[in-house]
Structures are given as structure tokens and as C-alpha cells.
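All remarks here apply to the structure that follows.
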Amino acid sequence: MDNNSPMLVLGIETTCDETAAAVIERAPDGRGKILSNIVRSQVEEHARFGGVVPEIAARAHVDVLDGIIDRAMHEAGIDYAQLDGVAAAAGPGLIGGVIVGLTTAKAIAMVHDTPLVAVNHLEAHALTPRLTDGVEFPYCLFLASGGHTQIVAVTGVGQYVRLGTTVDDAIGEAFDKVAKMLGLPYPGGPQVERAAANGDATRFAFPRPMQGRPDANFSLSGLKTAVRNEASRITEITPQDINDLCASFQAAVLDSTADRLSVGLKLFREQFGAPRALVAAGGVAANQAIRGALLDVATKAQTQLIMPPPSLCTDNGAMIAWAGAERLALGMTDTMEAQPRARWLLDANATAPAGYGKTRAGF
Ligand code: KG4
Ligand code: ZN
């Protein structure tokens with residue numbers, strides 16, 4: 001590979017309940033192109049348990065990963081000898097799945113004598129808007145998924161400063177738990193959004209957690225408990241009650257998110273100047289009401305809102321391949337000693353807030 005030819009990178013994602021592989025091309029000028037992007041969701045395997053079961057996830061990754069990689073290579077129309085590198089998400093995530101993906105990437109790297117890049121899954125979410133929209137540094141990332149809720153200043157590849165995080169549940173996790181307590185199927189986020197669309201958001205006065213605090217942290221567990229308390233007070237719960245509970249819950253999440261993000265953007269400006277964009281990623285960003293709230297926040301902060309398409313906001317292989325390519329372009333590769341990691345802070349200097357380790361919320 002010389003500096004004037006495009007780079008071809010295979011990316012592998014197995015940190016949670018999606019088995020994914022993709023091939024991307026990175027041009028010398030930094031522009032990216034997705035050549036293939038195969039995602040197999042395990043939602044059906046986990047649905048009857050109401051959440052992701054780690055052992056089932058790991059086994060499902062083992063069963064399908066090789067086939068998914070073959071398909072990604074085939075659709076991209078290249079063979080292994082043409083790869084400039086292979087990237088795998090080495091964490092944070094469910095350790096069984098991470099081991100499957102990283103070990104497979106090591107085997108490919110060894111057999112085909114190509115560099116390995118052990119990617120932080122959160123870094124891959126953070127760099128995705130550079131693949132989709134060519135966003136330049138520095139920008140402010142709002143990452144909200146089932147496992148993560150963070151506001152991060154992204155100032156360069158490998159340069160992340162966490163401005164805010166959840167002290168308990170992740171936002172997606174709170175949506176999932178509220179859905180579960182109201183008897184809605186897993187995964188709950190889209191179900192709660194649908195129910196909320198037909199509900200009265202003013203019927204229940206739920207708390208707006210952390211509102212007005214000078215830090216940019218989130219808290220969701222008190223709100224979740226408030227929903228449970230109200231629901232348990234209703235003797236025979238009707239579909240309209242469920243809609244109203246969902247609408248009132250979602251309204252509280254929106255207000256809290258808008259407040260926390262506006263503080264996050266203020267902190268960003270103080271430390272790094274004007275952000276090039278507010279970028280949203282993670283499954284929660286698929287929520288239309290949340291998208292609307294983010295647009296308001298960005299407009300008030302006089303910056304643009306960038307949202308990668310939903311299929312690239314949720315877990316996928318292209319984001320891993322892209323993060324691998326960004327690192328490779330800077331000469332950042334890993335050895336066969338790279339370790340799978342259940343926990344892996346994006347900002348190594350960030351300290352864990354109170355509540356760290358009590359939930360599956362990642363930091
Ligand atoms: O990023 P993602 O696909 O996977 C990880 O958690 O890493 O995010 C999934 C999360 C789930 O908690 C799901 O309930 C939530 O995102 N989610 C939503 C919506 N769609 C997905 N939450 C609220 N509203 C939605 N429309
Ligand atoms: Zn993710």
C-alpha cells in the first residue's frame with residue numbers, strides 16, 4: 001500500500017447482539033466508501049428472555065460470523081490478499097462475543113499477513129460521521145444506545161474527552177425497562193415511541209433528572225422508578241394508560257436530554273471552541289421525538305446537527321472498518337497480543353461516576 005492508493009479494510013463487530021462484518025474503502029483524501037455492510041441481528045434469539053443473554057449471544061456469534069465475513073468479502077468483490085488491514089471491535093462489550101470477533105480477526109490477519117487493528121467500539125460510533133458526512137474535528141458526540149449514554153468531545157482520532165455520562169442506566173436501557181414493566185415486547189425503545197405517539201405527555205408529572213445541574217451527566221433510574229410507581233397505582237391498566245405513561249416518560253427523557261446536552265455543548269465551547277457539529281449516534285437516535293429535541297439543542301447552540309442514517313447509528317461492521325482505516329492511516333496498528341476488553345473507557349482520563357459497574361451502562 002502506498003499513500004496514493006485507497007485502503008481496503010475489513011471490520012468485524014460482535015460486542016453485543018449484532019454479528020456484523022463490512023468492507024470499506026478509504027481514499028487518500030480521507031473520504032470513505034462502504035463496499036459491503038452485513039448485519040445479522042440476534043433479536044429473535046433474545047426476545048423471549050426480554051434482554052440480551054450473554055451466553056446465547058456468544059454462541060450465536062460463533063455460529064454465523066464466518067459466513068457473515070464471507071458474504072461481506074463477496075459483496076465487496078475483493079479477496080483477502082487485497083486487504084490493507086482487518087479491524088475488530090475489541091471492547092467494550094459482552095466478553096464472550098468480543099473474544100469471538102477479535103480472535104477471528106487475528107486469524108485473518110495472521111493467515112493473510114495483513115495488519116490488525118483492535119478498535120474500541122465507542123470510538124467506532126464516534127468516528128462514523130466522518131465516514132458518512134466527512135465531519136471535521138472537533139465535534140461534539142451524543143452517543144445514546146442500550147449500553148451507553150455519553151457526551152464526548154471528539155478532537156482527533158484517538159482523542160476523546162468525556163463531557164458527560166450516565167450515573168446509572170443508559171437511555172436505551174431505560175426505554176427497554178419501561179417497555180418491559182408495561183408488558184411491551186423487547187426491544188422496547190421503538191415500542192415506547194409508538195405508544196407515546198398516542199398518549200398524553202402531560203398526564204403524569206415525571207421528574208426531569210439532573211435538570212439545571214452544572215455538569216453534563218445523566219441519570220435515568222429515578223425516572224424509571226417513578227414510571228413503575230405510577231403504573232403500579234393503576235389497578236386495571238388500559239392501553240390508553242400505557243400510551244400516557246410512555247408519552248409522559250418520553251417527554252421527561254426529552255427535557256432531560258435537551259438540558260444535559262445544552263450543558264455539554266457549553267462545556268465543549270469553553271474547552272475546545274465552537275464545535276463543527278453536534279453528532280448523534282446509537283439506537284436511541286432513531287427516536288423521532290429525540291431527533292427533534294436534538295435539532296432544537298443544536299440550533300440554540302448555533303451548530304449543525306449530523307445524524308448518520310439509522311443503519312449506521314446502530315451497531316454495524318462498517319463503523320469498525322472505518323475506525324480501523326482511520327487508525328491505519330495514522331500508522332496505529334495492534335499486535336497479536338491485543339486483549340478483548342469487557343470495559344474500555346473511550347477517554348482514559350475520565351473517572352467513573354458514582355454507580356459505575358452497577359448496570360450494563362458502558363463508560
Ligand atoms: O445502538 P444500539 O442498536 O445497540 C446498543 O445498545 O449498543 O441501541 C439499541 C438501543 C435499545 O435499548 C433500544 O431500545 C434503543 O436503542 N432504541 C430506541 C429506539 N430504537 C432503538 N430507544 C428509543 N426510541 C427508539 N425509537
Ligand atoms: Zn454500539
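Remember, it's 1-based here, ligands and their atoms both numbered in the order they're listed.
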Please determine whether the number of non-hydrogen atoms from other residues, nucleotides or ligands lying under 6.0 Å from atom CZ of R71 exceeds 12.
no
Donor-acceptor pair, side chain of R162 and main chain of V152, under 3.5 angstrom
no
Hey, is D176 touching ligand 1 through its side chain, its backbone, both or neither, going by heavy atoms under 4.0 Å?
side chain
What atoms of ligand 1 come closer than 4.0 angstrom to any heavy atom of G147?
6 (O)
Can T238 and D241 be counted as having a side-chain donor-acceptor contact under 3.5 angstrom?
yes
Near E193 (heavy-atom distance under 4.0 Å), the atoms of ligand 1 are 25 (C), 26 (N)
Within a distance under 4.0 Å of any heavy atom of P190, pick out the atoms of ligand 1 and give their elements.
19 (C), 20 (N), 21 (C), 25 (C), 26 (N)
Looking at non-hydrogen atoms alone, which of S145, G283, G282, A144 comes nearest to atom 20 (N) of ligand 1?
G283
Nearest to the Zn ion (ligand 2) - the N/O/S atom of H125, by atom name
NE2
Ligand-side contact atoms (ligand 1) for residue partner T314, heavy atom cut-off under 4.0 Å:
1 (O), 3 (O)
Short check: any N/O/S atom of C16 below 2.8 Å from the Zn ion (ligand 2)?
no
Output yes when the distance from some N or O of ligand 1 to some N or O of N287 is under 3.5 Å, and no in every other case.
yes
Indicate yes or no: does an N/O atom of G189 lie under 3.5 Å from an N/O atom of ligand 1?
yes
Would A286 count as a polar contact of ligand 1, with the cut-off being nitrogen or oxygen pairs under 3.5 Å?
no
Intermediate values then yes/no, side chain to side chain donor-acceptor pair (under 3.5 Å), N287 and Q250:
CA-CA 10 Å; N287 183 302; Q250 186 172 276; 3.1 Å; yes
Checking T15 against H121 for the side chain to side chain donor-acceptor pair (under 3.5 Å) test, could you report, in this order, the C-alpha distance in whole Å, the side-chain angles of both residues, the deciding distance, and whether it holds?
CA-CA 8 Å; T15 63; H121 175 93; 3.3 Å; yes
Contact flag H148/the Zn ion (ligand 2), N/O/S atoms, threshold under 2.8 Å
no
Does an N or O anywhere in D315 fall below 3.5 Å from an N or O of ligand 1?
yes
Proximal atoms of ligand 1 relative to G146 (non-hydrogen, under 4.0 Å):
5 (C), 6 (O), 8 (O), 9 (C), 10 (C), 12 (O)
Which of the N/O/S atoms in H121 sits closest to the Zn ion (ligand 2)?
NE2
Does ligand 1 have an atom under 4.0 Å from some heavy atom of C16?
no
Could you tell me whether some N/O pair between G172 and ligand 1 is separated by less than 3.5 angstrom?
yes
Mind checking whether Y139 and F137 have parallel, tilted or perpendicular rings, split at 30° and 60°?
parallel
